[in-house]
Amino acid sequence: MEKLLDRISDEMRNAFEAAGYDRELGKVTASNRPDLCEYQCNGAMAGAKQYKKAPIVIAKDVADKLLDSEVFEKAEAVAPGFLNLTLKNEFVGAYVKKMRAEKKYGLEETPSPLKIVLDYGGPNIAKPLHVGHLRSAIIGESIKRIARYMGHTVVGDIHLGDWGQPMGLVMNELKVRDPKLVYFDENYTGEYPDTPPFTVAQLEEIYPFASKRAKEDEAYKADAMACTYKLQSGQRGYRALWNHIINVSVADLKKNYEKLHVEFDLWNGESTVHNLIPDMVEHMKQGGYAYISEGALVVDVKEETDTKEMPPCMILKSDGAALYNTTDLATIKMRMEQEQPDKLIYLTDKRQELYFEQVFRCARKTHLVKEDTQLQFIGFGTMNGKDGKPFKTRDGGVMRLENLIKEINEEMLRKITENSKKENHEMSLEQQCETAKIVALSALKYGDLSNQASKDYIFDIDRFTSSEGDTGPYIMYTIVRIKSIIAKYAENGGDVEAVYSALQTPVNDSEKQLMMELSKYNTSIEAAYEETAPHKICAYIYGLANAFNHFYHETKILTEEDASKKAGWIALLILTRDILETAIDLLGFEAPERM
RNA sequence: GCACCCGUAGUCUAAUGGAUAGAACGGAGGCCUCCGACGCCUUUAAUGCAGGUUCGAUUCCUGUCGGGUGCACCA
């Protein structure tokens, strides 16, 4: 379905042409001044030079051609040369009615669907998730959903940190604590036990402990490195133990990501590609790309146009060991072979931007990817506390994600309980808890996603859980309110299904405003995809929620005596609800029935 | 030291080169005999500084000040 803006731009272009000007000048944009008009066109000013005429003269010429327009109620030339546009009610009503009939409310899926691999999440095995992992999960999930909705095929890969030094540290500490474990007996040839010799809680305690000790104790560190080596070189017992670590840790990670409604298609990690590394390194040497510099194997990725420093991309450390770059490059190789993607997207902290630039250039130079494979890095900013510094717990430690979620759930429950007493929407305690979880997730995700991903933002639990202002709970409240009205309509014998076709020409201004917000749906979602900017969806639904609440206050819906008018409004409410719920699904959360 | 990113009301945040810079919170003041007041309405207040390009700059360029980040064997 043609976008509203394109439709009215067409109308405007025709008018420019009819008045004897270049039709390309007729581009219409949303109004910057809603108090003056609904849409605007600045083409007259852009064309002033070309036609050596005052902009206002051109604008007037064009406006004259629009007197009988079926689209514009009013097209007014205003100094210095703006065309202020007001749409016809019939036109807006018809557009919205057509949206209702379309599968995705008028959004066109992409004409050229891509296969995309999205790398996000990036947790480390044996380390608890902390707030640093939150943004990657939330933003990545949303980007994935938006791209899919646009018609692309997206494979989300969590890319676990499961192969490096931390593994050796954990295994070594397990060995120190219980050297008799069968995994460490190199002469053992039997089957290893099915049950792991530790719990998640123990695992999470062991890693920081071992990490700390390794920094103080050289011999201990050397033992840990030896463990890493034994694992990577394939010793049975170490592999078996490592499998336990992975299984226990992944089960726990899945549980936590589930709470966030974050779902990965692939649970690959660094370990998945370790056996691809030798061949890849050989390829880089054979191709003449890699050379030894200061003892390490590197590939130059500097380009002449660089204004910034671009250190070479390191492939192997001087001791011959693999590093982050190595596994990332090998992962690219694997993804190209297994998924044949058109595009690879990496979502990490923005501090890794230079690093990924190196990796991308290296991948291109060494032909790990095809010429036309797109490589995109999306860097997100830090989540800060109220003091503007990276988010910490009260005593200054790293906040575990689990605890953060617990805190926000509790705060939300407190607010809901309070309100349940005040209003007549009483719920059982169990219902309140369930609702609190749903609304808390919206608070958390909306609070994050409503900011531009690349910027740092302040995590403020009080603000995010408040239903006042531009927040998740406000959106939730609006949806719940709509649902409540629709339910009452049905209770009083209204046929909610039959009402779909009842959408009408708007009869008052706030109804028209609401419809115009609705009609921006396809444009907004598409822009959010093009710019990988979930915050644009937040801005859209916030505007829509506002338009609805405004409409609601001006219009007595259920007491309306004219049945067809009432049905038209209910149909409008249903469409608003559907669009809001579709949009929040793209952000990765959902609305409750009541709150 | 070099490079990159960011400076918008008291706070938080938006704006493909377009009008009087848009919201939110906070402050001030209104609206429930009426569909959910977790709402709505009114009001208050901002582009770090100095130049330049342009008919027109928060946006592009230069300089400057402030903040953040990065600069090969960590990930």
Side-chain angles (χ1 to χ4, degrees), chain A residues 27 29-37 40 42 45-46 48-49 54-55 78-82 84 122 124 161 164-166 270 293-298 306-321 323-325 327-328 348-355 358 379 381-382 386 388 415-416 418-419 422-425 439 450-452 454-458 460 462-463 465-471 473-474 476-478 480-489 492 527 531 535-536 538-539 542-543 545-546 549-550 552-560 569 573 594-595:
Chain A
K27 190 180 172 196
T29 58
S31 171
N32 289 322
R33 292 288 308 276
D35 51 321
L36 299 179
C37 59
Q40 65 183 49
N42 306 328
M45 286 180 292
K49 218 168 211 174
V78 176
F82 292 101
N84 286 353
N124 292 309
Q165 192 77 327
E270 294 165 341
S293 166
E294 295 175 34
L297 187 72
V298 301
D306 284 339
T307 55
K308 59 185 172 192
E309 282 181 61
M310 186 56 67
C313 183
M314 185 174 294
I315 308 300
L316 291 177
K317 299 196 284 186
S318 49
D319 64 0
L323 70 167
Y324 189 41
N325 307 38
T327 47
D328 261 323
T348 77
D349 187 294
K350 66 182 170 188
R351 281 175 290 199
Q352 295 191 34
E353 182 162 16
L354 175 65
Y355 163 74
Q358 289 177 284
T382 314
K386 271 183 174 174
K415 284 187 171 147
I416 285 173
E418 204 173 82
N419 204 265
K422 212 164 62 188
E423 299 290 326
N424 293 324
H425 314 295
V439 181
S450 56
N451 298 291
Q452 287 181 33
S454 64
K455 289 196 174 179
D456 295 349
Y457 80 106
I458 308 259
D460 182 340
D462 294 326
R463 189 163 72 80
T465 58
S466 167
S467 66
E468 289 170 33
D470 188 6
T471 67
Y474 172 77
M476 298 292 102
Y477 174 75
T478 305
V480 167
R481 194 185 214 184
I482 295 173
K483 286 181 175 176
S484 166
I485 299 167
I486 296 170
K488 282 215 167 63
Y489 179 75
N492 295 331
E531 297 166 44
H535 81 274
K536 300 225 159 176
C538 292
Y542 182 63
N546 269 329
N549 281 318
H550 184 71
Y552 168 83
H553 277 273
E554 289 202 350
T555 316
K556 298 275 176 289
I557 300 164
L558 293 177
T559 53
E560 173 60 45
W569 284 334
L573 260 56
R594 300 198 300 155
M595 65 189 273

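In the text below, chain A, chain B and the rest are named by the order of the sequence lines, each starting its count at 1. Note that the structure is a prediction, hence the values are computed from the model and not measured.
Side-chain N/O atoms of S454(A) include none lying less than 4.0 angstrom from OP1 or OP2 on C5(B). Side-chain nitrogen and oxygen atoms of R481(A) include at least one within less than 4.0 Å of the OP1 or OP2 phosphate oxygen of A37(B). Phosphate contact (OP1/OP2 of C40(B), side-chain N/O of N546(A), threshold under 4.0 Å): present. Proximity of Y552(A) to the phosphate of A37(B): a side-chain N or O atom is located under 4.0 Å from OP1 or OP2. Distances shorter than 4.0 Å separate some side-chain N or O of H535(A) from OP1 or OP2 on A15(B).
You'll find that the side chain of Y542(A) is closest to A24(B), out of A24(B), C40(B), G36(B). Nearest to the side chain of Q452(A), among A19(B), A14(B), C38(B), sits A14(B).
By the rule that a glycosidic angle within 90° of 0 means syn, C32(B) counts as syn.
Nucleotides G63(B) and A46(B) are separated by 24 Å at their C1' atoms, to the nearest Å. On the C1' atoms, G22(B) is 38 Å away from U33(B), given to the nearest whole Å. Remark: the separation of the C1' atoms in U58(B) and U20(B) is 15 Å, to the nearest Å. Comparing the P positions of U8(B) and C12(B) gives a spacing of 8 Å, expressed to the nearest Å.
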Assign a letter to each nucleotide of nucleotides 67-75 of chain B from its 5' end: B, base within under 4.0 Å of a protein heavy atom; S, sugar-phosphate only; -, no contact.
--SSBBBSB

